[in-house]
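Inspection log for the structure reproduced underneath, given as structure tokens.
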Amino acid sequence: MKSKSAIIIGAGIGGICAAIHLASHGIHTTVAEKNTLAGGRCDQINRDDHHFDAGPTLMVMPHVYEAEFNALGCPINELLDLQRVDPTYRLVFDDGSQLALTSDMQSLKDQLESIQTGAFQGFLRYHEEGERHYRIGMERLVNRDFRRFSDLFTLSNIPLLFQVKPLVKHYANMSAYFDNPRLKAAFTFQDVYMGLSPFEAPATFSLMPYSELAHGVWYPKGGMYSIVEGLMSLAREAGVEFAFDTTVEQIIVNSRGAKGVILEHNQQFMADVVLANADLPYVYQELLPKDGQAEKLSRKHYSCSVISFFWGVDKPYESLGPHTLFLADDYQANFDTIIGELGLPANPSLYIHAPARLDPSMAPQGQDTLIAVVPVGHLSENGDQDWSDLTDQARKHVFRRLASLGITDLEAHIKFETTLTPLSWRKRFNLMKGSTHGLSHNLAQLAYFRPANRHPRYRNLYFVGASTHPGTGVPTAMISARLVARRILDELPELG
Ligand SMILES: Cc1cc2nc3c(=O)[nH]c(=O)nc-3n(C[C@H](O)[C@H](O)[C@H](O)COP(=O)(O)OP(=O)(O)OC[C@H]3O[C@@H](n4cnc5c(N)ncnc54)[C@H](O)[C@@H]3O)c2cc1C
């Protein structure tokens with residue numbers, strides 16, 4: 001019997017992992033990627049022996065990686081050299097006071113109690129709730145498929161409404177554990193990874209701060225891009241074929257299904273299955289016939305974006321830990337500006353990553369490699385944002401914040417700078433509205449309500465990655481790939 005074939009649009013984490021699963025099951029799998037490098041948002045920038053992770057910098061949920069690498073046929077430790085990062089972050093508040101989030105419970109207790117008497121008891125209760133949300137949320141909402149209405153709407157799922165608090169807002173829920181607003185911020189800012197404000201995110205997302213402390217934040221030697229390199233070696237071993245620098249311009253469909261894709265220069269590539277790893281709303285808008293779905297998707301909620309600065313620096317800044325987060329006291333105003341007004345807050349919270357603290361080979365000896373990330377709104381419909389001006393402002397905020405740590409000479413030591421803005425995210429990866437985390441993860445866009453991994457009409461067109469189920473994140477894209485590959489393999493016989 002002739003073997004089945006699949007064409008995958010995009011070599012992001014989801015695309016590569018799905019390709020490995022499919023090829024390992026005998027499906028002739030080709031990946032077309034518009035860029036010259038694999039990895040998608042898990043991207044890298046290399047210059048003059050400075051190495052930057054351009055997207056993800058935090059390896060969270062290590063055992064999800066472990067399970068997914070096992071499912072791909074290779075134990076993670078054979079591919080990656082991992083170290084735990086503890087303290088995970090150093091949080092710096094507006095008055096210069098600090099909180100190191102650490103799994104050393106005595107140290108955490110001392111720090112929390114110095115901010116608010118009794119806070120450690122609150123933390124322990126919050127951590128316990130986070131454990132429940134993580135355990136139940138991962139099993140019932142993330143690590144499973146939602147193929148039909150009855151997959152979510154069953155009597156046995158009703159207790160979920162109480163078990164993981166999907167209807168309670170995350171920030172409001174914090175009053176049960178802490179009075180101090182800085183502590184409420186310290187254990188909710190992780191919602192921004194979902195592209196959400198804690199003022200709108202479900203309290204379910206306490207699973208993130210829980211996991212960061214319980215399971216740890218990790219770092220692979222060579223940075224997050226080494227995950228892409230590891231996956232690419234598995235893909236090549238499995239026989240996956242890659243076409244880089246190859247943009248898919250259209251998905252060929254008839255009334256019932258997808259037939260293949262059209263590449264640049266009108267070249268057709270036919271396949272039994274088409275799997276889109278490119279951002280789902282972009283696929284509906286640019287690659288499929290217009291049927292009203294793209295407009296509906298464009299009206300959904302999108303995650304925020306970021307302005308990122310990548311600096312090769314001629315001296316080391318040893319006082320900067322691997323992950324430093326400046327958390328603004330006007331926490332709610334920050335999110336209101338980013339999400340409500342699609343702007344840059346007046347006093348933005350921002351994040352600095354110094355990878356050479358974890359792996360000295362990320363910078364030349366005696367120098368430093370620094371990344372600064374400033375969350376901002378996604379691209380507006382009417383294009384009224386002045387990104388050049390916003391980037392200048394964001395840059396000044398980074399230097400101002402660093403000065404509060406006594407770092408006042410950074411600007412003079414920058415050898416080169418690369419900047420990515422929402423416009424860059426849109427252009428480089430075709431991310432709708434330049435949203436770094438794709439469709440947002442509010443309640444109306446989660447689980448069964450998130451656009452499914454299969455197109456509702458074209459039965460052999462599937463989706464994998466951040467804007468489909470389960471959602472954003474590197475480990476999540478690996479889960480998404482396993483779920484969709486399983487579904488394709490289940491449904492392949494009936495696809496004819
Ligand atoms: C700034 C930033 C920070 C992040 N931080 C973290 C973090 O610390 N930890 C974490 O776990 N996650 C983080 N994430 C999220 C994580 O990077 C993403 O959720 C994940 O990498 C998305 O993978 P994906 O499978 O959806 O594919 P994508 O990365 O979206 O890749 C899709 C691929 O499709 C390609 N493509 C698009 N259109 C076409 C076309 N027409 N033809 C051919 N190819 C096409 C794109 O070029 C791209 O390579 C971060 C993301 C960003 C942007």
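Every number for a ligand or one of its atoms is a count from 1 in the order of the listing.
- Taking the centre of each ring, Trp425 and Tyr282 stay at or above the 6.0 Å mark.
- The six-membered or imidazole ring of Tyr134 lies near that of His63, with a centre-to-centre distance under 6.0 Å.
- When Ala38, Cys42, Gly55 are checked for heavy-atom proximity to atom 3 (C) of ligand 1, Gly55 turns out nearest.
- Between Trp425 and ligand 1, not a single N/O pair is under 3.5 Å apart.
- Surrounding NE2 of His215 are more than 12 heavy atoms belonging to other residues, nucleotides or ligands, all under 6.0 Å away.
- Relative ring orientation between Phe189 and Tyr89 is described as perpendicular, the plane-to-plane angle rising above 60° on a 0-90° scale split at 30° and 60°.
- Taking all heavy atoms of Arg41, Met194, His437 into account, the minimum distance to atom 50 (C) of ligand 1 is reached by His437.
- Contact analysis leaves Asp279 out of contact with ligand 1, as no non-hydrogen atom separation drops below 4.0 angstrom.
- Defined by atom type and a distance below 3.5 Å, a donor-acceptor pair is present between the side-chain atoms of His50 and Thr369.
- Annotation: Leu431 places no N or O atom under 3.5 Å from an N or O atom of ligand 1; distance criterion only.
- Residue Val60 has no nitrogen or oxygen atom sitting less than 3.5 Å from a nitrogen or oxygen atom of ligand 1, judged on distance alone.
- Within a 6.0 Å radius of CZ in Arg357, other residues, nucleotides and ligands contribute more than 12 heavy atoms.
- By the 4.0 Å heavy-atom criterion, Leu420 is excluded from the residues contacting ligand 1.
- Contact annotation: for Val248 versus ligand 1, heavy atoms closer than 4.0 Å belong to both the backbone and the side chain.
- Using a 4.0 Å cut-off to heavy atoms of Thr246, the atoms of ligand 1 that qualify are 43 (C).
- When non-hydrogen atoms are compared, ligand 1 lies under 4.0 Å from the backbone of Ala32 (N, CA, C, O) but not from its side chain.
- Among Gly14, Gly12, Pro56, the residue whose heavy atom lies nearest to atom 5 (N) of ligand 1 is Pro56.
- At least one heavy atom of Arg428 sits closer than 4.0 Å to an atom of ligand 1.
- For ligand 1, none of its N or O atoms has an N or O atom of Tyr65 under 3.5 Å away.
- Using a 4.0 Å cut-off between a side-chain N of Lys or Arg and a carboxylate O of Asp or Glu, Glu68 and Arg482 qualify as a salt bridge.
- For the pair Arg47 and Phe416, the distance from NZ or CZ to the six-membered ring centre is under 6.0 Å and the angle to the ring normal is within 45 degrees.
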